Protein chains: 2
Amino acid sequence: MATGRTHRPATRSRGIPEATVARLPLYLRALTALSERSVPTVSSEELAAAAGVNSAKLRKDFSYLGSYGTRGVGYDVEYLVYQISRELGLTQDWPVVIVGIGNLGAALANYGGFASRGFRVAALIDADPAMSGKPVAGIPVQHTDDLESIIAENGVSIGVIATPAGAAQQVCDRLVAAGVTSILNFAPTVLSVPDGVDVRKVDLSIELQILAFHEQRKAGEEAAGEPGAVLQARKESGKGPDGDVPAVMPA
Amino acid sequence: MATGRTHRPATRSRGIPEATVARLPLYLRALTALSERSVPTVSSEELAAAAGVNSAKLRKDFSYLGSYGTRGVGYDVEYLVYQISRELGLTQDWPVVIVGIGNLGAALANYGGFASRGFRVAALIDADPAMSGKPVAGIPVQHTDDLESIIAENGVSIGVIATPAGAAQQVCDRLVAAGVTSILNFAPTVLSVPDGVDVRKVDLSIELQILAFHEQRKAGEEAAGEPGAVLQARKESGKGPDGDVPAVMPA
DNA sequence: GTTTGTGAAATGATTCACAGCG
DNA sequence: CGCTGTGAATCATTTCACAAAC
């Protein structure tokens, strides 16, 4: 270990903080909704409320992209939609494969939001021969044997793993070997990947466990806690919900 | 806004950092695997590798829980499993309701990892009368009309929302009014909740968009980038994958 | 008057590096 | 010795607060 020391003065073209990147999709969603209602401009305050963050954070986030607002007025909705889309790379569309067409994989394939912005389900892959050819969400399932050629033929660089935990690492290795460089992992396992491959994970039981932790604390405080008041009022946060941070990782 | 100022000297019993809380489930999973293989002890180095973090971080994380290791030896696997489970509130079991039994809701209901540790699907709720009574994952779906009584009768404090975006806020409001104080939201919307309620969100399209951002950067660097070398080697990180941070928020 | 854009301060998280314990 | 536990240093993110732009 300790390969890359504190070095790396390079590769810093226009470093947008990871935390900011993770919020851009949120802004984009709020802006898209405004756009559909033909709202021409928004203030940082309004948009922040719609996205569930605070306005100072939003302005700072946008400042990394450039100066796209007008003082005294706000931001042009359409223009911002375009700028953020471009920044996120959504002006092109990304072919995606889903591997593991069980309950979850099928649900993902059917998920509308997939196609909505910049993503296209290029193929569904499953190891069960009985599934082969069966259409799910209108797309015929293909067999794992053909994984490499499917990736190659469709120019896929993003893969979604929805297999059981036991198969995930193996599938991941094959995806990476075939040229996939971004993986969204729904299997409850830690994937190891070579440098240059990004992995993000979505894990139901982890989320529930984090909620349970807080839930337990609430129960504890209710009983013990400060003698006097308190009952709600946890942490600050001006109003709406807030925060959120990424989980990427260059591996 | 600006209600809770910088005040709040109280309520700080034993503040475990949020980032640490988010990693405890990861450690727990790795430890459980070791436990099943009857491994008696692990070093921070080994466990860190299994959990995909670095060992300094892991030791620091554990230091917030107490001194559960033995210098020169490592950590007792069983003991740590117990301590972390207790810390996360998994020694009791949490009844959970899932609202919205479409493709995704059904997939969640069928998800094994649910029951595995501390969670129990107490009820499935859907607005479609045609679904009522139909069993999913062996549990009969109940109608939204009965939401309040279902929550009350089962003492549910954790709710999972898997409805379409349009229905999510309304469902959320009813859950909260009925006594739910932790929500896991799969609908692509920002939920607003009163103080004291935690919301975590899982959003497929946000994750994909973040991946697309990085994917685009890779493509860009390949073409432009530094004149000389570079091709892989992004960011540092000693070896394995790393990082990850939470998204809770007391609201 | 309003609202952006941003330095500077404050807070939080990670990493270093090593003393101290078994 | 080996490995934990932890202060101190570094790095990242958020928040403040206000000058500049409209």
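By convention in this document, chain letters (A, B, ...) are assigned in the order of the sequence lines, proteins followed by strands, and residues within each chain are numbered from 1. Not measured: the values here are computed from a predicted model.
- Taking 4.5 Å as the limit, some side-chain heavy atom of B/P188 sits within range of a side-chain heavy atom of A/Y111.
- Separating the OH atom of B/Y79 from the P atom of D/dT4 is a distance of 16 Å, rounded to the nearest angstrom.
- No contact: A/F62 has no heavy atom under 4.0 Å from any strand.
- Checked against C/dT3, C/dA13, C/dT6, the side chain of B/A19 finds its nearest nucleotide in C/dA13.
- With values rounded to the nearest 0.5 angstrom, B/L191 atom CG is found 4.0 Å from B/N185 atom CG.
- One can place CG of B/L65 at 11 Å from P of D/dT6, the figure rounded to the nearest angstrom.
- Of the residues near DNA chain C, A/S44 and B/T70, the one whose nearest nucleotide (by heavy atom distance) lies more toward the 5' end is A/S44.
- The existence of a salt bridge linking A/R217 and B/D198 is excluded, since no basic side-chain nitrogen approaches an acidic carboxylate oxygen closer than 4.0 Å.
- Both B/V42 and A/T20 lie close to DNA chain D; mapped to their nearest nucleotides by heavy-atom distance, the more 5′-ward contact belongs to B/V42.
- The side chain of A/Y64 approaches D/dT14 more closely than any other nucleotide in the set C/dA13, D/dT14, D/dC22.
- In this structure, the OH atom of B/Y68 is 19 Å from the C1' atom of D/dC3, given to the nearest Å.
- Applying the side-chain contact (heavy atoms from CB on, under 4.5 Å) rule to B/P40 yields no partners; only residues at least two apart in sequence or on another chain are considered.
- Inspection of the A/Y82 and A/E78 side chains reveals no N or O donor paired with an N or O acceptor under 3.5 Å.
- A donor-acceptor contact closer than 3.5 angstrom is absent between the side chains of B/T189 and B/Q169.
- Across the protein-nucleic acid pair, A/K60 atom NZ and D/dA12 atom C1' stand 12 Å apart, rounded to whole Å.
- Atom NZ of A/K57 is separated from atom C1' of C/dT4 by 18 Å (rounded to the nearest Å).
- Considering only side-chain atoms of B/S63, the nucleotide from C/dA13, D/dG5, C/dT4 that sits closest is D/dG5.
- In this structure, B/E18 places its CD atom 11 Å from P of C/dT14, rounding to the nearest Å.
- B/N54 places its CG atom 13 Å from the C1' atom of C/dA17, with the value rounded to the nearest Å.
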Measure all distances between protein nitrogen or oxygen atoms and nitrogen or oxygen atoms of nucleotides 18-20 of chain D, and list the pairs falling under 3.5 Å.
| residue | atom | partner | partner atom | Å |
| --- | --- | --- | --- | --- |
| D/dA20 | N3 | A/R71 | NH1 | 2.9 |

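- Atom-to-atom, CG of B/L47 to P of D/dT4 comes out at 10 Å; the value is rounded to the nearest Å.
- Distances from the side chain of B/R23 to the nucleotides C/dT14, C/dT6, D/dT4 place C/dT14 closest.
- Listed by chain and residue number, B/E148 satisfy the salt bridge (charged side-chain N to carboxylate O under 4.0 Å, His left out) test with B/R174 (two or more places apart in sequence, or in another chain).
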